[in-house]
K.L.:
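Mind looking over this structure? Questions follow.
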Amino acid sequence: MKLQRKNRLRATALGVIAVSSALALTACGSDNNSGGGSTGGSGDKTTGAASNVKCDGAKGQLLASGSSAQKNAMDLWVKNYMAACKDAQINYKSSSSGEGIVAFTQGTVGFAGSDSPLNAQQVEDSKKVCTGGGQGINLPMVGGPIAIGFHVEGVDNLVLDASTLAKIFNGKITKWNDEAIAKLNPSAKLPDLAIQAFHRSEDSGTTENLTKYLSATAKADWSYAPAKKWAAPGGQAASGSAGVAAQVKQTNGAIGYFELSYASSQSIKTVDINTGASAPVKASSANASTAIAAAKIAGTGKDLALKLDYTTKADNAYPIVLVTYEVVCDKGNKPATLGTVKSFLSYAAGADGQKLLTDASYAPIPAEINSKVVSTINELQ
């Protein structure tokens, strides 16, 4: 682990990115999100580099940090963007949504990644760093399902509903052959095995989105308010989505939550959700897109925060979704990095950037919403 951290620091210092599109997906299981892993580089030529990126005004180093949920997407974006824009260097520190927002409101990063939109206090705090009357706004950039990953030897397919999930994650269901699980999985050979539930140790937008789902759909079984900090008793904590995924991967009897890209890259089985639709819904990019397409813009002005419907019963709509926002100043961005912020985010929100998301197990932002994101990026000051 020490050697990995030294290598990571050396790579950041040299400004070299050594992540190919394949490795971005397969190496995430060993990434220590809490350790400050960053994405950055010198822009070596790579296959599939952005073809329509506009590099005007893009120069120097741009620091950003936050959500580990979007790390795999950010790896791809940074690699391809810097292959096209040789004068710019993007360093994205994958930590957590909470840490990213703190860095943004302290003025140490050009933008932050967050799985939850800014709250009222965070908007107020942002006014200290967004000069000239500006404030932080939310730009939805990455969508995707929060997969419920499980590892139960001998069980390949598993269906759960909101009530059962709530009871598992708050410690009320403790064995895999519990009657509630068996009723949802009549053909499965469920073992008399203890459930080991894993959750995030640090403030996390992924946690907040999962608990929003449980609060909306399992009120009788989940009494905890949605929050970035895990509040339910029991379970075991792990750092970052990568840490939770690693624990589920190696532990028989485990269950946890993380973005689908982590499950896909490590061949972790995922739960189908019984929502009341005609059939249980699989965690997939397409099914997440169906759910996100029904979202409404809840922000005002240039803020594009979305309101998601976690209670959907529509066919093929996977309800446990998140949207990762890039948080920027609507005006009052630092002049030294404004050109790079606009150039990079324009690429990520554009056709080239969004096209990468499905192959990386994410979901592109629906076109109607995404067009507003692109227009807002162009208007940043």
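As the structure is a prediction and not an experimental result, all values here were calculated from the model.
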K.L.:
Would you say S67's side chain and G113's backbone share a donor-acceptor pair under 3.5 angstrom?
P.N.:
no
K.L.:
Can you tell me if S96 and E99 form a side-chain donor-acceptor pair at under 3.5 Å?
P.N.:
yes
K.L.:
Just by distance, do the side chain of K342 and the backbone of G57 share a donor-acceptor pair under 3.5 Å?
P.N.:
no
K.L.:
Linking I/L/V/M/F/W/Y whenever any side-chain heavy atoms sit under 4.5 Å apart, do L158 and L260 land together?
P.N.:
no
K.L.:
Counting C-beta onward and ignoring hydrogens, is there a side-chain heavy-atom pair between F111 and F104 closer than 4.5 Å?
P.N.:
no
K.L.:
Whether the D125 and T105 side chains hold a donor-acceptor pair (N or O, under 3.5 Å, no angle test) is what I'd like checked.
P.N.:
no
K.L.:
So among T174, I181, D178, which one has a side-chain contact (heavy atoms from CB on, under 4.5 Å) with I195?
P.N.:
I181
K.L.:
Just so I know, are the side chains of L62 and V341 near enough to count as touching, which here means a heavy-atom distance under 4.5 Å?
P.N.:
yes
K.L.:
Is it true that a side-chain atom of Q266 and a backbone atom of A263 form a donor plus acceptor pair closer than 3.5 Å?
P.N.:
no
K.L.:
Taking the side chain as everything from C-beta on, heavy atoms only, tell me whether S68 gets closer than 4.5 Å to R200.
P.N.:
yes
K.L.:
In Å and rounded to the nearest 0.5 Å, what is the OG to CD1 distance from S65 to I101?
P.N.:
8.5 Å
K.L.:
Could you grab the distance from atom CG of L139 to atom OG of S114, nearest 0.5 Å is fine?
P.N.:
12.0 Å
K.L.:
Would you give the length of the straight line joining atom OG of S346 to atom CG of N378, rounded to the nearest 0.5 angstrom?
P.N.:
5.0 Å
K.L.:
I255, L193: one ILVMFWY side-chain cluster at the under-4.5 Å cut-off?
P.N.:
yes
K.L.:
Are the side chain of N138 and the backbone N or O of V327 linked by a donor-acceptor pair below 3.5 Å?
P.N.:
no
K.L.:
I'd like to know if the side chain of T337 reaches the main chain of T340, judged simply by a donor and an acceptor atom lying under 3.5 Å from each other, with no hydrogens or angles considered.
P.N.:
no
K.L.:
Tell me whether N252 at atom CG has more than 12 heavy atoms from other residues, nucleotides or ligands lying less than 6.0 Å away.
P.N.:
yes
K.L.:
Do V323 and D115 pass the side chain to side chain contact (heavy atoms under 4.5 Å, CB included) test, and can you show the C-alpha distance, the side-chain angles, and the key distance before you say yes or no?
P.N.:
CA-CA 6 Å; V323 171; D115 309 338; over 6 Å; no
K.L.:
Show your working on side chain to side chain contact (heavy atoms under 4.5 Å, CB included) between V328 and L345 and close with a plain yes or no.
P.N.:
CA-CA 10 Å; V328 295; L345 294 184; 3.7 Å; yes
K.L.:
Side chains of I369 and P140: does their closest heavy-atom pair fall under 4.5 Å?
P.N.:
yes
K.L.:
Closer than 3.5 angstrom, by distance alone: can the side chain of N91 be matched with the main-chain N or O of K93 as a donor-acceptor pair?
P.N.:
no
K.L.:
For A182 and L190, work out which heavy atoms get closest and say how close.
P.N.:
CA-CD1, 3.6 Å
K.L.:
On a heavy-atom basis, which atom in F258 and which in V244 lie closest, and how many Å separate them?
P.N.:
CD2-CG1, 3.7 Å
K.L.:
Nearest 0.5 Å please: distance from the OG1 atom of T164 over to the CZ atom of F169.
P.N.:
12.0 Å
K.L.:
Contact between L165 and I148 at the side-chain level, heavy atoms closer than 4.5 Å - yes or no?
P.N.:
yes
K.L.:
With a 3.5 Å distance limit and no angle check, can you tell me whether T251 reaches the backbone of V248 through a side-chain donor-acceptor pair?
P.N.:
no
K.L.:
Tell me, do M82 and Q89 make a side-chain contact under 4.5 Å, heavy atoms counted?
P.N.:
yes
K.L.:
Going by atom types alone, do Y81 and S343 pair a side-chain donor with an acceptor below 3.5 Å?
P.N.:
yes
K.L.:
Would you confirm whether W222, through its side chain, and Y224, through its main-chain N or O, come within 3.5 Å as a donor-acceptor pair?
P.N.:
yes
K.L.:
Can you give me the closest heavy-atom contact between Y310 and A216, atom names plus distance?
P.N.:
CB-CB, 4.2 Å
K.L.:
Using atom types as modelled, flag every donor-acceptor pair under 3.5 Å from a side chain in residues 287-297 to any protein atom, sequence neighbours excluded.
P.N.:
| from | atom 1 | to | atom 2 | distance (Å) |
| --- | --- | --- | --- | --- |
| N287 | ND2 | K282 | O | 3.0 |
| N287 | ND2 | S284 | OG | 3.2 |
| S289 | OG | S285 | O | 3.1 |
| T290 | OG1 | A286 | O | 3.2 |
| T290 | OG1 | N316 | O | 3.4 |

K.L.:
Taking only residues two or more places apart in sequence, or in another chain, which ones meet S278 in a side-chain hydrogen bond (donor to acceptor under 3.5 Å, both in side chains)?
P.N.:
D315
K.L.:
Indicate whether any N or O donor in one side chain lies under 3.5 Å from an N or O acceptor in the other, for Y257 and T207.
P.N.:
yes
K.L.:
Please report the interatomic distance OH(Y213) to CG(L308), rounded to the nearest 0.5 Å.
P.N.:
13.5 Å
K.L.:
Could you tell me whether the side chains of T206 and E259 share a donor-acceptor contact shorter than 3.5 Å?
P.N.:
yes
K.L.:
I'd like to know if the side chain of S215 and the backbone of K212 have a donor-acceptor N/O pair within less than 3.5 Å.
P.N.:
no
K.L.:
Run V374 and N370 through side chain to side chain contact (heavy atoms under 4.5 Å, CB included) and show every step you take.
P.N.:
CA-CA 6 Å; V374 173; N370 191 59; 4.1 Å; yes
K.L.:
What are the two closest heavy atoms between P364 and Q354, and how far apart are they?
P.N.:
CA-OE1, 3.4 Å
K.L.:
Between K372 and E368, what is the shortest heavy-atom contact and its length?
P.N.:
NZ-O, 3.7 Å
K.L.:
I'd like to know whether Y325 forms a side chain to side chain contact (heavy atoms under 4.5 Å, CB included) with V142, so could you lay out the CA-CA distance, the side-chain angles of the two residues, the decisive distance to 0.1 Å, and finally the verdict.
P.N.:
CA-CA 7 Å; Y325 300 91; V142 180; over 6 Å; no
K.L.:
Taking N185 for the side chain and A188 for the main chain, is one N or O donor matched with an acceptor at less than 3.5 Å?
P.N.:
no
K.L.:
Salt bridge check, D221 against K172: does any charged N sit closer than 4.0 Å to a carboxylate O?
P.N.:
no
K.L.:
If we only count heavy atoms from C-beta on, is the N209 to I320 side-chain gap below 4.5 Å?
P.N.:
no
K.L.:
Throw together a table of side-chain donor-acceptor distances under 3.5 angstrom for residues 228-238, partners on residues two or more places apart or in other chains.
P.N.:
| from | atom 1 | to | atom 2 | distance (Å) |
| --- | --- | --- | --- | --- |
| K228 | NZ | E208 | OE1 | 3.2 |
| K229 | NZ | S201 | O | 3.1 |
| W230 | NE1 | H199 | ND1 | 3.4 |
| W230 | NE1 | A232 | O | 3.2 |
| Q236 | NE2 | Q196 | OE1 | 3.0 |

K.L.:
To the closest 0.5 Å, what do you measure between CD1 (I146) and CG (L210)?
P.N.:
6.0 Å
K.L.:
Determine, for K71 against D75, whether the closest basic-nitrogen to carboxylate-oxygen distance falls under 4.0 angstrom.
P.N.:
yes
K.L.:
Mind listing the closest non-hydrogen atom pair of G134 and D330 along with its distance?
P.N.:
CA-OD1, 3.2 Å
K.L.:
Examine L357 and L306 and state if one hydrophobic cluster contains both, with Ile, Leu, Val, Met, Phe, Trp and Tyr joined whenever side-chain heavy atoms are less than 4.5 Å apart.
P.N.:
yes
K.L.:
For a quick check under 3.5 Å, do S264 and S361 share a side-chain donor-acceptor pair by atom type?
P.N.:
yes
K.L.:
Would you say the side chains of Q70 and E326 form a donor-acceptor pair under 3.5 Å?
P.N.:
yes
K.L.:
What I'd like to find out is whether the side chain of V53 reaches to under 4.5 Å of the side chain of F344, using heavy atoms alone.
P.N.:
no
K.L.:
Side-chain heavy atoms under 4.5 angstrom apart, residues restricted to Ile, Leu, Val, Met, Phe, Trp, Tyr: same cluster for I365 and L356?
P.N.:
yes
K.L.:
Flag yes if L338 and V373 sit in one hydrophobic cluster, no otherwise; membership is Ile, Leu, Val, Met, Phe, Trp, Tyr, and two members link when side-chain heavy atoms are under 4.5 Å apart.
P.N.:
yes
